[in-house]
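Worksheet: one structure, shown below.
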There are 2 protein chains.
Amino acid sequence: MTMTPEEINRTVSQLLDQAPGRSTRARESVLNILLSAPTALNHHNIEEVAKQRDLSIDRVTLYRTLDWLVEQGVAHRIASVNRSWYFSAVAQPDMEPHAHFHCKKCQQIYCLEDVQAAPMHNLPKEYQLEEADLCLQGQCVTCNRDANG
Amino acid sequence: MTMTPEEINRTVSQLLDQAPGRSTRARESVLNILLSAPTALNHHNIEEVAKQRDLSIDRVTLYRTLDWLVEQGVAHRIASVNRSWYFSAVAQPDMEPHAHFHCKKCQQIYCLEDVQAAPMHNLPKEYQLEEADLCLQGQCVTCNRDANG
DNA sequence: TGTAAAGTGCAACTATGTTACAGTTTATCC
DNA sequence: GGATAAACTGTAACATAGTTGCACTTTACA
């Protein structure tokens, strides 16, 4: 997921061209920000990055833009323990469902694309399962390294 | 988890006596409500049940009471997709961590005490894991039965 | 039964997300 | 290239979930 700025720009254009809506400044900026981030971001995080880049995105527009990106399958929405939604870009449309890791120290949320929720054996069969999210918590690579010197 | 009202009262007293705080009307009522419920409840649900029972519990007191019950290990707190916390009673102190099922139709959250998050193989070992929550979504037993006649 | 600490109630506040509606921009057609 | 309708954006006002500060009340216990 480490892309050069040019690769990010190219991916943004590709993804937006494929989607059935208009390509606007807000959508480009937000998707660019998501693709550039190593972790999932919430609204607040995205607003901050936008501010750093001297982009001003209206709060409501940001909400709507993120909804739209999720609808288009270009971003995915992650529920978190701190009652806000987190978002991460979906660069390839065939991305598998995967686990998320919430670091209790730095509060970042990582997508662990290689870790999936295991199939369940003893779920009573009267429950009709549609989604299974595996939400891990603990300390992330970076914080762990910082702590252990 | 189906207890008679007398059993519930007895359990409430036992659990509160064991805890290092005071036994108050709010704590008794809330714990009673949680023990009586077949699913996990959020603040709003609890307020409604309390109202039905002609108990009036202040909003803030309810928040604090629930925090306290969780601290004491008498209730557990479940993050949900609709940005509110859900709570369920922990009748036995040695209850295992278990999966939760959120019904997309009736919005209830069920504790599936027999379903656990499977141990993970491919979590990079630099991540220090402390908790693993398995959050299932779909249609619950009741809604499924209603739909299939 | 008096007292200190623990718990409660109220008001005001913060954070996150939503709705309505008028104004602006985009894609498209001529 | 310019006009047009639909799509998108910005503002204000609102809704919901949860928190904080502080005065008041209740509990446990000597």
Side-chain angles (χ1 to χ4, degrees), chain A residues 12-13 15-33 40-51 54-72 74-87 102 107 109, chain B residues 12-33 40-51 54-72 74-88 102 107 109:
Chain A
V12 166
S13 305
L15 290 173
L16 292 183
D17 285 353
Q18 285 159 21
R22 292 179 182 170
S23 182
T24 67
R25 205 179 62 91
R27 291 175 183 177
E28 284 168 16
S29 310
V30 174
L31 189 48
N32 196 309
I33 289 172
L41 304 178
N42 65 12
H43 282 251
H44 182 68
N45 301 148
I46 297 172
E47 277 188 323
E48 290 207 323
V49 177
K51 210 177 289 171
D54 277 320
L55 304 165
S56 84
I57 305 174
D58 176 75
R59 234 168 57 83
V60 177
T61 302
L62 178 51
Y63 278 107
R64 286 192 282 227
T65 301
L66 286 166
D67 284 350
W68 183 85
L69 290 172
V70 171
E71 253 171 50
Q72 301 310 316
V74 168
H76 86 281
R77 173 192 268 115
I78 307 160
S80 81
V81 289
N82 63 350
R83 26 182 260 105
S84 73
W85 294 105
Y86 281 72
F87 297 85
H102 172 96
Q107 303 297 323
I109 291 187
Chain B
V12 165
S13 306
Q14 273 173 21
L15 289 172
L16 291 183
D17 285 353
Q18 284 159 21
R22 292 179 183 172
S23 182
T24 68
R25 206 179 63 93
R27 291 175 182 176
E28 283 169 16
S29 310
V30 173
L31 189 47
N32 196 309
I33 289 171
L41 305 177
N42 66 13
H43 281 252
H44 182 68
N45 302 147
I46 297 172
E47 278 189 322
E48 290 207 322
V49 176
K51 211 178 289 170
D54 278 321
L55 304 165
S56 85
I57 305 175
D58 176 75
R59 235 167 57 82
V60 177
T61 301
L62 178 51
Y63 278 105
R64 287 192 279 228
T65 301
L66 286 166
D67 285 350
W68 182 85
L69 291 173
V70 170
E71 253 171 51
Q72 302 310 316
V74 169
H76 86 282
R77 173 192 267 114
I78 307 159
S80 83
V81 291
N82 64 350
R83 25 184 257 106
S84 73
W85 294 106
Y86 281 72
F87 298 85
S88 80
H102 171 97
Q107 305 298 324
I109 291 186

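To find a chain, count down the sequence lines: A is the first, B the second, and so on, and within it residues start at 1.
- Between A:Arg27 and D:dC8 there is a side-chain polar atom (N or O) within less than 4.0 angstrom of OP1 or OP2.
- Checking the phosphate oxygens (OP1, OP2) of C:dG7, no side-chain nitrogen or oxygen of B:Thr65 falls inside 4.0 Å.
- Separating the CD1 atom of B:Ile57 from the P atom of C:dG9 is a distance of 9 Å, rounded to the nearest angstrom.
- Between A:Ser80 and A:Tyr86, the shortest heavy-atom distance links the atoms OG-CE1, 3.5 Å.
- Between A:Trp85 and C:dG17 there is a side-chain N or O to OP1 or OP2 distance below 4.0 Å.
- Here the C1' atom of nucleotide D:dA28 and the CZ atom of B:Arg22 are 6 Å apart, to the nearest Å.
- For B:Arg64 against C:dG9, a side-chain N or O and a base N or O form a donor-acceptor pair under 3.5 Å.
- Rounded to whole Å, the distance from NE2 on A:His44 to P on C:dG17 is 12 Å.
- Between the side chain of A:Arg83 and the base of D:dG18, no donor-acceptor pair under 3.5 Å is found.
- Rounded to whole Å, the distance from CD on B:Glu28 to P on D:dT26 is 15 Å.
- A donor-acceptor pair shorter than 3.5 Å can be found between the side chains of B:Ser88 and B:His76.
- Within the 4.5 Å cutoff, no side-chain heavy atoms of A:Trp85 are placed close to those of A:Val70.
- Using a 4.0 Å heavy-atom distance criterion, B:His43 is classed as a sugar-phosphate-only contact.
- Taking for each of B:Arg59 and B:Trp68 the nucleotide of DNA chain C with the nearest heavy atom, the 5'-most of the two is the partner of B:Trp68.
- Residue B:Asn42 is the one, among B:Asn42 and B:Thr24, whose nearest nucleotide of DNA chain D lies closer to the 5' end (criterion: closest heavy atom).
- The 5' end of DNA chain C is approached more closely, in terms of each residue's nearest nucleotide, by B:Thr61 than by the other of B:Thr61 and A:Val60.
- Distance, B:Leu55 CG to C:dT8 C1': 15 Å, rounded to whole Å.
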>> Could you walk me through whether A:Gln18 and A:Gln72 satisfy the side chain to side chain contact (heavy atoms under 4.5 Å, CB included) test, starting with their C-alpha distance in whole Å, then the side-chain angles of each, then the deciding distance to 0.1 Å, before giving a yes or no?
In response: CA-CA 9 Å; A:Gln18 285 159 21; A:Gln72 301 310 316; over 6 Å; no

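- With rounding to whole Å, B:Asn82 atom CG is found 8 Å from D:dA17 atom P.
- Atom C1' of nucleotide C:dT26 and atom CG of A:Asp17 are separated by 14 Å, given to the nearest angstrom.
- With A:Arg27 contributing its side chain and A:Arg22 its backbone, the two residues share a donor-acceptor pair below 3.5 Å.
- Using a 4.0 Å cut-off, no side-chain N or O of A:Ser84 falls inside it from OP1 or OP2 of C:dA15.
- Residue B:Leu66 contributes atom CG, which lies 15 Å from atom P of C:dG7 at whole-angstrom precision.
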